[in-house]
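Reading through the structure tokens given below for one structure.
Quick caveat: nothing in here was measured; it's all calculated off a predicted structure. Below, each value reflects all heavy atoms present in this structure, side chains not excepted, and no hydrogens, waters or symmetry copies.
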There are 2 protein chains.
Amino acid sequence: MTTTTKALIFKEAARLFREKGYNGSTQRQLADRVGVQGASIYHHFPSKQGILYAIMEYTMTSLLQKVRCEMLDASSPEAKLRKAIKVHIEYHTVDRDETYVADAELRSLEAENFKKIVAMRVAYEQIFRDILSEGVQEGVMRIGDVSLATKALLQMCTGISYWFSPGGRRSIDEIADQYVELFLFGICGKLNNER
Amino acid sequence: MTTTTKALIFKEAARLFREKGYNGSTQRQLADRVGVQGASIYHHFPSKQGILYAIMEYTMTSLLQKVRCEMLDASSPEAKLRKAIKVHIEYHTVDRDETYVADAELRSLEAENFKKIVAMRVAYEQIFRDILSEGVQEGVMRIGDVSLATKALLQMCTGISYWFSPGGRRSIDEIADQYVELFLFGICGKLNNER
DNA sequence: CGATAAATCTAACAAGCGTTAGAATTTGAT
DNA sequence: ATCAAATTCTAACGCTTGTTAGATTTATCG
């Protein structure tokens, strides 16, 4: 199975947009990376904006689906949170070009596209907020402001895609574990009876 | 004391760059907001890139100075960390256009400017890393990977400038307090003997 | 008031942008 | 081998970009 040109454009666009930003990238630069003439892109995508939207739509759909899927067989709020964080971090490291773009280029979307992606982002954030709320209600988490904590958590985890590189000191699993610890300790404080 | 045109260009540029990104903004849009013709900008700044650099240089200098100043009369690592986080968050909410730009537009800097700002950012991050290292050495903090925790902390706090608005539900102080709690709990776990 | 400097203006430039039209080529099925 | 469809190409378009030159206005000060 060879990579289709369309898939290559998609992948290289994510990489380019990540490096130079959407508005800092040109269709000719993208075409160069794909190894094709600028005009050829338009056989696969309707416009530059169309490529950006495709990247964001696909990324958010995947993310939502992955997290929802993991939630199915998790019972306690803590178990849910652990799994949700892990999935989030894994996706933000493996497909880090796409997730970085999806995170950083919201403002480059035209009005209609913007609405759709924002809606998906709100839904995604809601999953995490619900987990934290549940944890508070069950008394296993203590959080002053759940919305604030949700934002802090997601920002902290999303930020990984800004600096992660696969050859680095830490593996994805190690990073995910440390982030989970970091956040859970503050919320649950349950490992502190050691001291 | 009236606002000078130069100061107005500076401020409006930060606001514009934040909204549309550096590459998504034009000198004519900026001139419109200032209430001046496009060419007039060049009497105060050498180039568009010069404006971006001025914003980033000023912001990083202020940030470094403010944090270093606060460190002078703080003794324990925990006290230092509390103060550092508070200063960081305060600056990222009060001057949030500038700090947002300083955070998000690194990639839009030309090579030489890029180097200088990155150096300042590294120095800034180092302050936080040192505080955490000190805390670990003194045994009051327990952190698996100090560099990782530093990144997580800064990303979490910097993210505030992405969504904060002065009319919102929470005051700056409340937000800062909650973020401090959130992070310290995980690191020190010292408030958990209540349960 | 008159002169010097600072600030802003109008007008235009060369270059680069996203996109399109239409021709040429490659691919796949019969 | 032939034809049709899919794909890629060359060439160009209209427009916007950052920036500059040079004239014009505004402020400063003896």
Quiz item: Looking just at side-chain N and O atoms, do A:Asn23 and B:Tyr22 make a donor-acceptor pair shorter than 3.5 Å?
Solution: no
Quiz prompt | Length of the NZ-P vector between B:Lys48 and D:dG18, whole Å | solution = 4 Å
Practice problem: Specify the separation, in whole Å, of atom NZ of A:Lys6 and atom P of D:dA6. | Solution: 14 Å
Exercise. Consider only side-chain N and O atoms of B:Glu110 and B:Tyr53, and report whether a donor and an acceptor are under 3.5 Å apart.
Key: no
Quiz item: Once you round it to whole Å, what is the distance between P of D:dT8 and CG of A:Leu8?
Solution: 10 Å
Quiz item: Between A:Val101 and A:Met56, what is the shortest heavy-atom contact and its length?
Solution: O-CE, 3.5 Å
Quiz prompt | Contact under 4.0 Å: A:Gln37 side-chain N or O vs D:dT10 OP1/OP2 | solution = yes
Practice problem: Indicate yes or no: does B:Glu134 engage B:Arg129 in a salt bridge with an N to O separation below 4.0 Å. | Solution: no
Exercise. Give the C-alpha distance, both sets of side-chain angles, the deciding distance and a yes or no for salt bridge (charged side-chain N to carboxylate O under 4.0 Å, His left out) between A:Lys66 and A:Glu70.
Key: CA-CA 6 Å; A:Lys66 277 177 207 286; A:Glu70 286 289 328; over 6 Å; no
Self-check item: side chain to side chain contact (heavy atoms under 4.5 Å, CB included), paired with B:Phe45, selected from B:Leu30, B:Leu52, B:Ile9
Solution: B:Ile9
Exercise. Check the side chains of A:Thr158 and A:His88 for a donor-acceptor pair under 3.5 angstrom, ignoring hydrogens and angles.
Key: yes
Quiz item: Going by distance alone, is a donor N or O of one side chain under 3.5 Å from an acceptor N or O of the other, for A:Tyr42 and A:Gln27?
Solution: yes
Quiz item: Just by distance, do the side chain of B:Gln65 and the backbone of B:Ser62 share a donor-acceptor pair under 3.5 Å?
Solution: no
Exercise. Calculate the interatomic distance between B:Asn23 atom CG and D:dG18 atom C1'; express it in whole Å.
Key: 12 Å
Exercise. Identify the 5'-most and 3'-most nucleotides of DNA chain C with at least one atom closer than 4.0 Å to a non-hydrogen atom of chain A.
Key: C:dC17 to C:dA21
Quiz item: A:Ile41 has an atom CD1; how far is it from atom P of D:dT8, in whole Å?
Solution: 11 Å
Self-check item: Nearest listed nucleotide, side chain of A:Ala39, among D:dT17, D:dA11, D:dT8
Solution: D:dA11
Practice problem: Ignoring backbone atoms, test whether A:Ser40 places a side-chain nitrogen or oxygen under 4.0 Å from the OP1 or OP2 oxygen of D:dC9. | Solution: yes
Exercise. Run the ring-centre check on A:Tyr58 versus A:Phe10 and record whether the distance is less than 6.0 Å.
Key: yes
Quiz prompt | Overall bend - the helix from C:dC1-D:dG30 to C:dT30-D:dA1, comparing terminal axes fitted on five pairs, nearest 10 degrees | solution = 20°
Quiz item: Given D:dT17, D:dA12, D:dT8, which nucleotide is nearest the side-chain atoms of A:His43?
Solution: D:dT8
Self-check item: Atom-to-atom span, CZ of B:Arg28 to C1' of D:dG18 - whole angstrom
Solution: 7 Å
Practice problem: Could you check how far CD of B:Gln29 sits from C1' of D:dG18, rounded to whole Å? | Solution: 13 Å
Practice problem: Have a look at B:Thr26 and say if it touches a base, only the backbone sugar-phosphate, or nothing, with a 4.0 Å heavy-atom cut-off. | Solution: sugar-phosphate
Quiz item: Between the side chains of B:Gln137 and B:Ser133, is a donor N or O closer than 3.5 angstrom to an acceptor N or O?
Solution: no
Self-check item: B/S/- contact track for nucleotides 22-28 of chain D, protein heavy atom under 4.0 Å
Solution: -------
Quiz item: Hey, does the Lys NZ or Arg CZ of A:Arg18 hover above the aromatic six-ring of A:Tyr100, less than 6.0 Å from the centre and inside 45° of the axis?
Solution: yes
